[in-house]
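The structure appears below as structure tokens.
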Amino acid sequence: MNIAMDRRVVSDLDPFCEEFRADPYRHYAQLRTLGPIVWLEKHQIWVVQHHAQIKEVLTDWQRFSNAGGGGLTNYFKEKNWRQPSIILEVDPPEHERTRQVMMRALNAKALKAMRAGFERVAAELVDAALEKGEIEAVADLVQPFPLTVFPDAVGMPKLDREIMLIYGGIVFGAFGPRTPWYDELMKRAEEVSGWIDERCDRSALTPDGLGAAIYASADAGDITHAEAKLLVRSFLSAGVDTTIDSIGLCLRALAENPDQWQVLREDPSLARAAFEEATRYDSSSQSLFRTTTQAFEFAGQQLDKHEKVLVLIGSASRDPAVWDEPDRFDIRRRISHQIGYGTGIHGCVAQMMARLEGEVFFRAIAEKVRTLEPTGPSQLRLVPGLRGLSSLPLALTAHSSGH
Ligand code: OVV
């Protein structure tokens, strides 16, 4: 054992176990008291939990690499089952090429063109929910929104809910440890991957969506056509479950905080701010990974080469050093250092699209719904890699007609 190892600040907490994930914020607070960087014995990884260090890690891609893989598996030491993402799991200079292509596809004009379609779908879903009165909000209202608007924007047919949710489980589950749950899911991997692959093929895409824009970059020679297909796949990997879970958690925060619901209902123009606050307060993406490229000292600890670092952005979002009353959901909060989408060169490339989805969805709710109340306990969907709900029973009533 080397001397540096002896001086490591250690913890036996396991961020992947169900108990931790059921109530992560209490455990984040506990981790924050231990120090800026802590060695987790169970998984033999580092963890960072404060806003300041997380920002440092995420903006230092030379020392904190993405090529080591987006999850617990260390690509520098072992092979992953899945072909690495050509945007998430690469460093510069390779990363710049694929990132540019995605950024170009997601330009301001493309986003502007999406709004009307998003609004129509949101209005239909909220009207149908109001018609029912009592809903299972995850299945009836939340899931169908991204499952409809996202493929519309990419230029593909509506996504099959069951297959997409298995696919999402496979993608995000791969970021956590190997479990029996995951092995069970992987039995469907071939079938589901084949289905996804077909949908990412150029022949399956409309000529006017994000997918077509990616293939146009291949025609222009910026990427190969095989890479174009993988980038369209990245849209589906990163863009569906994440927004379903974040919208669901935001809806729960509103239902459980009647004062905040009241504020939004009285001023629907706060819809975007409400979703922004939920992205801080409780959202789908709680953690990321980086892998060290060399040995160096960081925040008083000696890191070795090719060590995994778990980056708890969900903890940074509750760090009292940067937020007043971090545990309070306050849709009028001014958010000047959002970390919920990550930051740096790998910061969420479609974050403006996610914000647009959230804004349009919650604006439709604020404009049409008068009362929004839980009718029973909500349930967490404890899949690794993402935080979200499997159940959110709600009762809704409409504004009196012609309001
Ligand atoms: C950010 C993210 C999550 C999951 C998958 C991917 C990216 C990808 O590029 O495949």
Side-chain angles (χ1 to χ4, degrees), residues 54 57-58 61 64-73 75 80-92 94-106 146 150-151 154 156 159 163-176 182 185-186 189 192-193 195-197 199-200 210-211 214 217 223-224 226-246 279 283-291 310-314 338-355 357 381 383-388:
I54 284 177
V57 168
L58 295 181
W61 56 264
F64 295 98
S65 165
N66 273 44
L72 193 55
T73 304
Y75 296 179
N80 199 35
W81 66 271
R82 182 177 115 110
Q83 181 181 358
S85 161
I86 62 170
I87 180 162
L88 176 66
E89 299 177 316
V90 290
D91 294 328
E94 295 94 319
H95 174 255
E96 264 137 55
R97 217 163 41 94
T98 46
R99 174 87 184 189
Q100 278 301 324
V101 167
M102 293 291 255
M103 299 244 286
R104 207 176 312 134
L106 290 157
F150 200 85
V154 175
M156 52 179 57
L159 296 165
I163 294 182
M164 268 319 285
L165 296 179
I166 294 171
Y167 180 66
I170 290 173
V171 169
F172 286 96
F175 294 161
Y182 194 70
L185 205 59
M186 282 302 285
V192 168
S193 301
W195 188 91
I196 294 287
D197 251 40
R199 262 144 201 82
C200 297
L210 295 174
I214 301 289
S217 286
I223 50 170
T224 69
E227 286 172 329
K229 190 167 180 174
L230 288 172
L231 288 181
V232 177
R233 192 191 72 164
S234 281
F235 272 134
L236 291 187
S237 306
V240 181
D241 293 61
T242 47
T243 46
I244 288 174
D245 287 337
S246 286
T279 302
S283 76
S284 61
S285 307
Q286 295 286 310
S287 59
L288 316 162
F289 273 100
R290 295 294 186 263
T291 314
L310 175 63
V311 181
L312 294 174
I313 55 176
Q338 178 69 270
I339 196 84
Y341 293 104
T343 190
I345 62 167
H346 292 282
C348 176
V349 71
Q351 58 182 277
M352 297 313 274
M353 186 174 168
R355 287 187 171 103
E357 284 181 45
R381 189 168 79 96
V383 304
L386 279 187
R387 175 173 168 84

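Atoms within each ligand, like the ligands themselves, are counted from 1 in listed order.
We find that Arg381 and Asp241 are joined by a salt bridge, their nearest charged nitrogen and carboxylate oxygen being less than 4.0 Å apart. Salt bridge absent: Asp245 and Arg387 never bring a charged side-chain N and a carboxylate O closer than 4.0 Å.
Taking every heavy atom of Val171 and a limit of under 4.0 angstrom, the matching atoms of ligand 1 come to 4 (C), 5 (C). Every atom of ligand 1 is numbered from 1 in the order shown, and the set under 4.0 Å from a heavy atom of Leu88 is 2 (C), 7 (C). Interface atoms of ligand 1 facing Ile87, defined by a heavy-atom separation under 4.0 Å, are 9 (O).
Residue contacts with ligand 1: Ser234 is placed with a nitrogen or oxygen under 3.5 Å of a nitrogen or oxygen of the ligand (distance criterion only).
Applying the side chain to side chain contact (heavy atoms under 4.5 Å, CB included) criterion to Leu230, with sequence neighbours excluded, gives Gln83, Ile86, Arg233. Looking at residues two or more places apart in sequence or on another chain, you find a side chain to side chain contact (heavy atoms under 4.5 Å, CB included) between Ser285 and Thr242, Ile313, Leu386.
Of the heavy atoms in Ile86, none comes closer than 4.0 Å to ligand 1.
The closest non-hydrogen atom to atom 1 (C) of ligand 1, taken over Ala238, Ser85, Ser237, comes from Ala238.
Aromatic ring pairs are classed by plane angle as parallel below 30°, tilted from 30° to 60° and perpendicular above 60°; the pair Phe235 and Phe150 is perpendicular.
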